[in-house]
Amino acid sequence: MIIGKVKTYIGFAIKSGAVLWGLDNLISHSDKAKLIIYDSSLTANGVRKLDNLLSLRNIDCLRLDQEHILSELTGRDNVKLIAVTNADLADAIRQNI
C-alpha cells in the first residue's frame, strides 16, 4: 500500500463530500457506496453487520490489517469504516492499496 497516495485520494474524497462515515451511515445510504474501507478495529458485531450488507449489495470492500489506520488516513479520531461514493476516487484508492 502506498500510504501517501491513498491518504491523498481519501483526502480528496473527504473534501469533495464523497465519503460516508461509519457503518450506520453506510447502511442507510449503501446505494451510493462504490468502495468500503474498514480496518481491524471494527468490532465483530460491526463486521457481521457489514457482511449482511455485502450479501445484499455488490460493493467492493477492503479490509486494512492495521488497527486505527483509517484514523491516520482521514485525520480524524476513532474512524473504523468509510465508504467512498465517487467512482473515480474509489478506483484510484483501489489501485494503490
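A quick note: this is a predicted structure, and the numbers were derived from the prediction, not measured. When reading the values below, keep in mind they use all heavy atoms of this one structure, side chains included, and skip hydrogens, waters and symmetry mates.
Identified under the salt bridge (charged side-chain N to carboxylate O under 4.0 Å, His left out) test for residues 4-19, with sequence neighbours left out: none.
At distances below 3.5 Å, at least one donor-acceptor pair connects side-chain atoms of S40 with backbone N or O atoms of E67.
Nearest heavy atom pair, residue A90 against residue V84, reads N-CG1, 3.9 Å.
Annotation: side chain to side chain donor-acceptor pair (under 3.5 Å) contacts of N78 (sequence neighbours excluded): none. When the side chain to side chain donor-acceptor pair (under 3.5 Å) test is applied to D91, the partners found at least two apart in sequence or on another chain are R94.
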Margin query: L53 vs K49, test: side chain to side chain contact (heavy atoms under 4.5 Å, CB included). Steps then yes/no.
Written below: CA-CA 6 Å; L53 175 68; K49 287 180 181 180; over 6 Å; no
Check: Checking side chain to side chain contact (heavy atoms under 4.5 Å, CB included) for the pair Y38/L62: CA distance, chi angles, key distance, verdict?
Finding: CA-CA 6 Å; Y38 71 101; L62 298 172; over 6 Å; no
Item checked: Derivation and outcome, side chain to side chain contact (heavy atoms under 4.5 Å, CB included), residues I36 and I82 -> CA-CA 6 Å; I36 299 168; I82 63 170; over 6 Å; no
Check: Given the rule in the salt bridge (charged side-chain N to carboxylate O under 4.0 Å, His left out) test, do D65 and R63 qualify, once you have shown the distances and angles that lead to the verdict?
Finding: CA-CA 6 Å; D65 290 330; R63 181 182 186 272; 2.7 Å; yes
Notebook entry, point to check: Step by step, would you call T85 with H29 a side chain to side chain contact (heavy atoms under 4.5 Å, CB included)?
Noted result: CA-CA 10 Å; T85 60; H29 304 286; over 6 Å; no
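Within 6.0 Å of CG on D77 lie no more than 12 heavy atoms contributed by other residues, nucleotides or ligands.
Checked by atom type, the side-chain pair S41/D39 shows a donor-acceptor distance below 3.5 Å.
For the side-chain contact (heavy atoms from CB on, under 4.5 Å) test with W21, the passing option among L26, L81, T74 is T74; the others fail.
The shortest distance between side-chain heavy atoms of L35 and I37 falls below 4.5 Å. Here the side chains of D31 and R57 are in contact, with some heavy-atom distance below 4.5 Å. Within the 4.5 Å cutoff, side-chain heavy atoms of L89 are placed close to those of S16. N96 is not listed as a side-chain neighbour of I3, based on a closest heavy-atom distance of 4.5 Å or more.
To the nearest 0.5 Å, atoms CG (N86) and OH (Y9) are separated by 12.0 Å.
Tracing side-chain contacts under 4.5 Å through hydrophobic residues (I, L, V, M, F, W, Y), one never reaches L42 starting from I10; they form parts of separate clusters. Under a hydrophobic clustering in which Ile, Leu, Val, Met, Phe, Trp and Tyr are joined whenever their side-chain heavy atoms come within less than 4.5 Å, directly or via other members, V47 and L20 fall into the same cluster. Taken together through direct or relayed side-chain contacts under 4.5 Å among Ile, Leu, Val, Met, Phe, Trp and Tyr, L70 and I59 form parts of separate hydrophobic clusters. Side-chain heavy atoms closer than 4.5 Å link hydrophobic residues (I, L, V, M, F, W, Y) into clusters, and following such links, even through other members, never connects L50 to I93.
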